[in-house]
**Student:** 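This is the structure, below, for whatever I ask next.
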Amino acid sequence: MEANGIVISPDPRLRQECAPIEEVTPEIEQLVEHMKAEMFENRGCGLAAPQVGELVQLVIVDVDYTSEKDYDPYVLINPVVVEQSDTTRPSSEGCLSIPGISVEIERPDHVVVEAYDLDANLMRYEATGDLMCVCLQHEIDHLHGITMFERLKPQERVHALRCYQEALAKGAQPGDTEA
């Protein structure tokens, strides 16, 4: 199922392991442009390829933009968390593929991620205790078939799924964090 160009849970594509990208082709460049448009249109701060129906290891992230003028997402191809802290911090997370709700998720409060950019340069991103830190982990989870539901304790998951069904019934769309 899709809404506003975004794959919506419980679509099985969101639960699949994504394939690594072997080379940057014109198709990958087009996918990046498509993802940038969808993320901006739906007011997201991160988007993974499976969220637009493509099962490849590609993520875009822009947690700082305020308008189209300063919108310039990072492109991460085959991203890998290479370091993470043992200390964790709770954060309220939403997801374009799970519209209408936010849930509190405990994640490491420091990560280092390595990924390739569109020019095949190996890049290193480091984030501590902020939205970028959460967003990197959330989007990389998508590449491994993990949604925010799987990060919840069983009782929290049941409650979140119930809230999600209610939000969908009320017409929640990608970008809505509360219905």
Side-chain angles (χ1 to χ4, degrees), residues 1-25 27-65 71-82 84 91-103 105 107-108 111-118 120 122-127 130-152 157 160 164 172-177:
M1 180 166 101
E2 295 185 24
N4 295 344
I6 302 294
V7 173
I8 302 297
S9 181
D11 191 298
R13 292 174 287 184
L14 296 174
R15 302 281 297 127
Q16 294 186 27
E17 183 75 25
C18 294
I21 294 173
E22 300 298 327
E23 67 177 302
V24 177
T25 63
E27 292 79 17
I28 294 297
E29 292 171 345
Q30 287 176 322
L31 176 58
V32 167
E33 292 308 310
H34 173 65
M35 289 173 64
K36 285 180 180 181
E38 294 297 341
M39 187 172 91
F40 184 79
E41 182 180 314
N42 289 288
R43 304 175 316 276
C45 60
L47 189 66
Q51 293 180 273
V52 295
E54 298 296 329
L55 299 177
V56 294
Q57 292 188 17
L58 173 64
V59 164
I60 61 171
V61 175
D62 188 339
V63 298
D64 298 322
Y65 73 95
Y71 181 66
D72 187 24
Y74 294 112
V75 175
L76 290 79
I77 297 171
N78 302 333
V80 176
V81 175
V82 294
Q84 67 183 28
S91 180
S92 179
E93 292 185 30
C95 181
L96 292 177
S97 291
I98 306 172
I101 67 167
S102 296
V103 296
I105 296 178
R107 293 189 184 272
V111 293
V112 177
V113 173
E114 289 184 349
Y116 293 93
D117 66 11
L118 281 173
L122 183 61
M123 306 296 289
R124 191 173 174 94
Y125 303 88
E126 186 166 357
D130 59 8
L131 181 57
M132 182 69 164
C133 185
V134 170
C135 192
L136 285 168
Q137 293 174 79
H138 179 107
E139 300 310 329
I140 291 171
D141 272 356
H142 274 298
L143 302 181
H144 303 290
I146 300 168
T147 70
M148 59 188 197
F149 290 132
E150 285 76 43
R151 292 287 177 198
L152 298 172
R157 183 179 305 145
Y164 176 53
Q173 295 293 308
D176 295 344
T177 53

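Heavy-atom basis, side chains included; hydrogens, waters and symmetry copies ignored. If you're wondering where the values come from, they're calculated on a predicted model, not measured in any experiment.
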**Student:** Any sub-3.5 Å donor-acceptor pair from Asp176's side-chain atoms to Pro99's backbone N or O?
**Tutor:**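 Side chain of Asp176 to backbone of Pro99, a donor-acceptor pair under 3.5 Å: no, none is there.
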**Student:** If every non-hydrogen atom of Gly53 is compared with every non-hydrogen atom of Val7, which pair is closest and at what distance?
**Tutor:** N-CG2, 3.4 Å
**Student:** State the CD1-CG distance between Ile77 and Leu122, to the nearest 0.5 angstrom.
**Tutor:**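 Reported value, rounded in 0.5 Å steps: 11.5 Å.
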**Student:** Which heavy atom in Pro79 sits nearest to a heavy atom in Gln57, and how many Å separate them?
**Tutor:**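 Answer, listing the atom of Pro79 first, then Gln57: CD-O, 4.0 Å.
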**Student:** How close do Pro73 and Met39 get, counting heavy atoms only, and between which atoms?
**Tutor:** CG-CE, 4.0 Å
**Student:** So among Leu131, Ile60, Val134, Val61, which one has a side-chain contact (heavy atoms from CB on, under 4.5 Å) with Cys45?
**Tutor:** Leu131
**Student:** Without swapping roles, check the side chain of Tyr116 against the backbone of Ile21 for a donor-acceptor pair under 3.5 Å.
**Tutor:** no
**Student:** Return the minimal non-hydrogen interatomic distance between Val75 and Tyr125, and the atom names on each side.
**Tutor:** O-OH, 3.9 Å
**Student:** If you round to the nearest 0.5 Å, how far is OG1 of Thr147 from CG of Asp11?
**Tutor:** 12.0 Å
**Student:** Please tell me if the side chains of Ile101 and Phe149 come closer than 4.5 Å, counting only heavy atoms from C-beta onward.
**Tutor:**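 Side chain of Ile101 against side chain of Phe149, heavy atoms only: contact under 4.5 Å found.
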**Student:** Measure the NE2-CG distance between His142 and Leu96 for me, rounded to the nearest 0.5 Å.
**Tutor:** 8.0 Å
**Student:** Kindly give the heavy-atom pair with the smallest separation between Leu14 and Pro50, and that separation in Å.
**Tutor:**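 Shortest heavy-atom contact: CD2-O, 4.0 Å.
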**Student:** Give me the one residue out of Gln137, Arg107, Arg151 that meets side-chain hydrogen bond (donor to acceptor under 3.5 Å, both in side chains) with Glu93.
**Tutor:**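 Passing option: Arg107.
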**Student:** Between the main-chain N or O of Ile146 and the side-chain N or O of Asp141, is there a donor-acceptor pair closer than 3.5 Å?
**Tutor:** no
**Student:** Measuring from atom CE of Met132 to atom CG of Asp64, what distance do you get when rounded to the nearest 0.5 angstrom?
**Tutor:** 8.0 Å
**Student:** Calculate, to the nearest 0.5 Å, the distance between atoms CG and NZ belonging to Leu31 and Lys36 respectively.
**Tutor:**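 Answer rounded to 0.5 Å: 11.5 Å.
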**Student:** Flag the pair Val103 / Ile98 as yes when at least one side-chain heavy-atom distance between them is below 4.5 Å, and no otherwise.
**Tutor:** no
**Student:** side-chain contact (heavy atoms from CB on, under 4.5 Å) for Val112 and Arg124? Distances and angles first, verdict last.
**Tutor:** CA-CA 7 Å; Val112 177; Arg124 191 173 174 94; 3.4 Å; yes
**Student:** Once you round to the nearest 0.5 Å, how far does CG of Leu58 lie from CD of Glu139?
**Tutor:** 10.5 Å
**Student:** Considering all heavy atoms of both residues, which atom of Ala3 and which atom of Pro174 are nearest to each other, and what is their separation?
**Tutor:** O-CG, 3.3 Å
**Student:** Taking Asn42 for the side chain and Asn4 for the main chain, is one N or O donor matched with an acceptor at less than 3.5 Å?
**Tutor:**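 Looks like yes, one N/O pair under 3.5 Å.
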**Student:** Taking the six-membered ring for Trp, are Phe40 and Tyr65 parallel (under 30°), tilted (30 to 60°) or perpendicular (over 60°)?
**Tutor:**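 Phe40 vs Tyr65 ring planes: tilted.
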